[in-house]
Amino acid sequence: MSTDLRLQALHDAALRVGRHAADYRHRTEPGTRSIVLNTYRPAHATAQSPIVLVQHGVMRNGDDYRDFWIPAADEHGLVIIAPTFSNEQWPDVVSYNNGNLLATTDRAALADTAPLTAPETWSYTVVTQLAADLKAAGVLHSQPLYLFGHSAGGQFVHRLLSVLTPGMFTQVAAGNPGWYTLPLLDLPFPEGLGGTPADADSLARLFATPLTILAGDQDTETNDPHLPSEPAALRQGPHRYARALHYFATAQAEAARRGLPFRWQLHTVEGIGHDGEAMSAVCAHLWFHQRMPSAAQLAALAGRRTA
């Protein structure tokens, strides 16, 4: 497919009213892996409606995550696009959560400065190119562009931001990641940013980015089979909630050590566990009502469980 046809297909997919799914390739070269864009556009959306990119969790269920955002889309006139990375084309945590930067996560088999794969093969690049293509296709103009991810999607989102530090997003939020890539240049990826394109200048951009960490205070399971349990993850805490606090404190301390402005936020979400639907609603409320949900609203959201 030519670039013109690819952009026209993306334009048509993003402007279709209702719930839809469309194939997307970020490059025209043969062999480029595809993803599915699960989209929703309310009938009252306009050409200036904010666009929210939503990253799914370990179940690769972008259709569910799109649907989690439909109430907010209807209320606020949002366009929802959930880039969905299939297990068939993007297997395991290496190619999705960790961006396909390394051929393996076995650090014993790699030097501390292991070579990276080509940037055009990274899953992170797929999403940044999608944003660029939305602009080239005439879908993204001057309206806000948001990026949200939960669980494995939260891992994906904060690592994308850390490795690439793109300046295209109005707000970014990561809810309940299993563990984090710390903003430290002396730790090898994925525990830190060593060996990636990150450097002192990109750390300054990272800390200046409006990144929000949403941490459910009931996300304290330690035996979840999807909870990363490698030594590097365990060093960050026994469960997702503890790891969120550790990540934020580490970033805040590193920014202070370097004398850099720090624009991140950490929100403890009371009563919520590992729940993608609830966290989507919390994030939408924070972004589009400019405040966290009330205690009563959080209580109404509690109890659902979606990875």
Side-chain angles (χ1 to χ4, degrees), residues 53 55 57 83 85 93-102 105 107 110 112-131 145-215 228 230 232-233 235-237 240 243-258 260-266:
L53 303 182
Q55 286 304 143
F85 293 76
V93 301
V94 175
S95 63
Y96 178 54
N97 309 26
N98 295 350
N100 203 46
L101 267 69
L102 302 175
T105 55
R107 297 306 308 181
L110 297 168
D112 283 347
T113 55
L116 301 180
T117 55
E120 60 266 23
T121 70
W122 299 351
S123 55
Y124 306 149
T125 306
V126 176
V127 171
T128 56
Q129 186 59 52
L130 170 63
L145 177 66
Y146 297 87
L147 178 64
F148 168 80
H150 179 259
S151 192
Q155 292 187 49
F156 180 97
V157 161
H158 91 274
R159 290 193 178 109
L160 179 159
L161 200 66
S162 301
V163 170
L164 300 179
T165 56
M168 57 185 60
F169 300 112
T170 305
Q171 294 279 345
V172 180
N176 294 335
W179 74 303
Y180 296 83
T181 290
L182 301 175
L184 303 175
L185 299 178
D186 58 347
L187 285 179
F189 186 82
E191 184 177 8
L193 288 168
T196 76
D199 57 18
D201 289 339
S202 65
L203 279 184
R205 294 193 299 272
L206 174 62
F207 293 140
T209 299
L211 170 64
T212 298
I213 306 301
L214 297 172
E230 58 264 44
R235 284 194 286 271
Q236 297 180 10
R240 294 181 181 90
R243 295 173 189 181
L245 302 183
H246 175 82
Y247 177 60
F248 188 84
T250 299
Q252 196 169 40
E254 182 65 6
R257 186 182 75 82
R258 292 176 176 270
L260 296 172
F262 187 70
R263 293 187 61 198
W264 297 11
Q265 298 180 42
L266 169 69

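Predicted, not measured: the structure shown is a model, and the values here were computed from it. Heavy atoms only: backbone and side chains are in, while hydrogens, waters and symmetry mates are out. Starting from 1, each residue takes its place in the sequence as its number.
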For [Y], does its backbone N or O pair with a side-chain atom of [X] as donor and acceptor, under 3.5 Å?
| X | Y | value |
| --- | --- | --- |
| Ser202 | Thr165 | no |
| Trp122 | Leu160 | no |
| Thr196 | Val163 | no |
| Thr170 | Leu145 | yes |

Would a 4.5 Å heavy-atom cut-off, applied to side chains only, mark [X] and [Y] as touching?
| X | Y | answer |
| --- | --- | --- |
| Leu116 | Leu102 | yes |
| Pro119 | Leu164 | no |
| Pro83 | Leu130 | yes |

Apply the test side chain to side chain contact (heavy atoms under 4.5 Å, CB included) to residues Gln155 and Tyr96: give CA-CA distance (whole Å), side-chain angles for both, the deciding distance (0.1 Å), then the verdict. CA-CA 9 Å; Gln155 292 187 49; Tyr96 178 54; over 6 Å; no
Can you tell me how far the [atom1] atom of [X] sits from the [atom2] atom of [Y], to the nearest 0.5 Å?
| X | Y | atom1 | atom2 | answer |
| --- | --- | --- | --- | --- |
| Leu266 | Leu211 | CG | CG | 10.0 Å |
| Gln171 | Leu147 | CD | CG | 11.0 Å |
| Thr209 | His158 | OG1 | NE2 | 13.0 Å |
| Leu203 | Leu260 | CG | CG | 7.5 Å |
| Leu101 | Ser123 | CG | OG | 8.0 Å |
| Thr128 | Phe169 | OG1 | CZ | 7.0 Å |

Heavy-atom pair with the smallest gap, counting every atom of [X] and [Y]:
| X | Y | result |
| --- | --- | --- |
| Arg243 | Ala233 | NE-O, 3.3 Å |
| Arg240 | Asn176 | CD-O, 3.4 Å |
| Gln236 | His246 | O-CB, 3.4 Å |
| Ala255 | Phe262 | CB-CD1, 3.7 Å |
| Arg263 | Pro210 | NH1-CD, 3.8 Å |
| Asn100 | Thr121 | ND2-O, 3.0 Å |

Residues which pass ring-ring contact (aromatic ring centres under 6.0 Å, His included) with Phe148, listed by chain and number, not counting sequence neighbours: Trp69
For Tyr146, give me all partners under ring-ring contact (aromatic ring centres under 6.0 Å, His included), at least two apart in sequence or on another chain. Trp287, Phe288
Would you mind writing out the side-chain donor-acceptor pairs for residues 179-190 within the sub-3.5 Å range, not counting sequence neighbours?
unit_1, atom_1, unit_2, atom_2, d
Thr181, OG1, Arg159, NE, 2.6
Thr181, OG1, Pro190, O, 2.5

